[in-house]
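The shown structure was predicted, so the numbers you read here are calculated from the model rather than taken from an experiment. Just so it is clear: chains get the letters A, B, ... in the order the sequence lines come, proteins before strands, and each one is counted from 1.
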Number of protein chains: 2
Amino acid sequence: MMFTLSEENYLKAIFHLQTVSGKGISTNAIAKKLETKASSVTDMIKKLADKEVLTYIKYQGVSLTDLGRKIALGVIRKHRLWEVFLVEKLNFSWDEVHDVAEQLEHIKSTKLINELDTFLEFPKMDPHGDPIPDKEGKFQKIEKKLLSTLKENQLGVCVGVNDSSSEFLKYLDRYQISLGQKIRVVSKESFDGSVTILINNKEMSISQKIANNIYIQS
Amino acid sequence: MMFTLSEENYLKAIFHLQTVSGKGISTNAIAKKLETKASSVTDMIKKLADKEVLTYIKYQGVSLTDLGRKIALGVIRKHRLWEVFLVEKLNFSWDEVHDVAEQLEHIKSTKLINELDTFLEFPKMDPHGDPIPDKEGKFQKIEKKLLSTLKENQLGVCVGVNDSSSEFLKYLDRYQISLGQKIRVVSKESFDGSVTILINNKEMSISQKIANNIYIQS
DNA sequence: AAATATTTTTAGTCTTGACTAAAAATTTAT
DNA sequence: ATAAATTTTTAGTCAAGACTAAAAATATTT
Ligand SMILES: [Mn+2]
Ligand SMILES: [Mn+2]
Ligand SMILES: [Mn+2]
Ligand SMILES: [Mn+2]
């Protein structure tokens, strides 16, 4: 069975939504994620249900089947391996890779992706700290929490981001926040949720929104 | 101005047809090359004429504009660079690269293709002996003739192929014909045009069709 | 110079994946 | 328990890019 670029993007989006909110995924949630209209989503999920990659009950949202999950993980594997390639071999920075990887993830060739994996020496993480599924779709889930959940005086290491947009990543670069960076929470402001952190012996304040998009391992 | 995958394929096909038959390219020739119908071609060339990448006079075929030529060369550059990448870095053989390159050639990112070029150390030829245009679309045209045009007892080096199909390339592999291989014409059979050649001190006979698809430099 | 054959274009249809507007179902508020 | 608000589905439209069948133009024979 073959899947179009559009179908692959739907499966990927639904997979990502499922990993956060365990329940059935709503039409609206999918529409929002894919920046499309709810009616378009209804059309597409009917087609995907016919192809048996998800189950769909009217008015009750959708849920991926094992096959659907497998296909989504295949696309995610390709996306992340290409991101590693771009950073490691082609001098891209972590804020430049996402858009190109969105295109590359749809190239169809099992040999291509498995040879790429070998060429890169089987990386386990992409440039944003996200795990790369192996051939069988298996990947380790790493322990991580949002920076905003740390208490005053707690220490952690940045291990990922919750937002891969170029804007956010460039912001992090500007403040020397990269994967592996040690971060200590100095104080938290209850008024606006902003956090004062210590990085490389320098104190700085970041907004709650920023703190909500940085993953930390203690 | 943005071009779709389909539009890029039309431009590439027309470019290739133009390099062999200098004149205006007929609707039918394009249809044949792209394995589509003449009516579909008429539709598309109207659109491409609107976009000013080719000139089109009803019933008289088409001809690329400078812009059209530039875009076609960009796609060809990408195709060939990806082919080099697949062979040099990902253990593909020359008969496996074409289909994947057909997909990769449509990825849009100037940084990607220029960094890939750098990573590969600016190759001048693809795995089939075809020249790779540089950023500006410039490439050297190499001197080459068909093996079938050699006279008895003449010697040459294989520098390219006229057919990149997997079937043909596998045939060449089987008979140890690869780029750089020295080939001597021992005799030619006027009855069926077949050629007896000497390769690595071994004599073998190849059909006229095969001899018509191997490029030689004397 | 007609007649015939071939090529090219036009007209109309189909599929995919989107959209808007309106109807129907469900959820939340009163 | 109704009413109001929200979500979801349906119905109808559109553009891209393909297709078939038929008409029109051009090329080739006789
Ligand atoms: Mn990404
Ligand atoms: Mn990533
Ligand atoms: Mn090729
Ligand atoms: Mn090639």
Residue-level proximity of residues 100-108 of chain B to DNA chain C when a heavy atom falls under 4.0 Å: none
Whether over 12 other heavy atoms sit under 6.0 Å from B:Lys188 NZ: yes
Within 6.0 Å of CG in B:Asp192, more than 12 heavy atoms from elsewhere: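 Counting neighbours around CG of B:Asp192, more than 12 heavy atoms of other residues, nucleotides or ligands fall under 6.0 Å, so yes.
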Annotated protein contacts, base or backbone, on nucleotides 10-21 of chain C with a non-hydrogen cut-off under 4.0 Å, one of B, S, - each: B-----SSSBB-
In this structure, how many angstroms lie between the [atom2] atom of [N] and the [atom1] atom of [X], rounded?
X: A:Gln60; N: D:dT8; atom1: CD; atom2: P; result: 11 Å
X: B:Lys51; N: D:dG17; atom1: NZ; atom2: C1'; result: 13 Å
X: B:Tyr59; N: C:dT8; atom1: OH; atom2: C1'; result: 5 Å

Under 4.0 angstrom between A:Asn28 side-chain N/O and D:dT6 OP1 or OP2: no
A:Ser26 side-chain N/O to D:dT7 phosphate OP1/OP2 under 4.0 Å: no
Salt bridge (Lys or Arg N to Asp or Glu O under 4.0 Å) pairs, two or more places apart, involving residues 106-120 of chain A: A:Glu8-A:Lys108, A:Arg77-A:Asp117, A:Lys111-A:Glu115, A:Lys111-B:Glu96
Pairwise ring-ring contact (aromatic ring centres under 6.0 Å, His included) hits with a residue in residues 86-110 of chain A, at least two apart: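 Residue pairs passing ring-ring contact (aromatic ring centres under 6.0 Å, His included), neighbours aside: A:His79-A:His98.
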Within residues 12-60 of chain B or reaching into it, pairs that qualify as ring-ring contact (aromatic ring centres under 6.0 Å, His included) - sequence neighbours excluded: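 Checked against ring-ring contact (aromatic ring centres under 6.0 Å, His included) - neighbours excluded - no pair reaches residues 12-60 of chain B.
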Contacts of B:Tyr10 that satisfy ring pair (Phe, Tyr, Trp, His ring centres under 6.0 Å) - sequence neighbours left out: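 Partners of B:Tyr10 under the ring pair (Phe, Tyr, Trp, His ring centres under 6.0 Å) test: none.
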Donor-acceptor pair, side chain of B:Lys51 and main chain of B:Met2, under 3.5 angstrom: yes
Parallel, tilted or perpendicular, as decided by the 30° and 60° cut-offs, for the rings of B:Trp82 and B:Phe85: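 Perpendicular, since the angle between the ring planes exceeds 60°.
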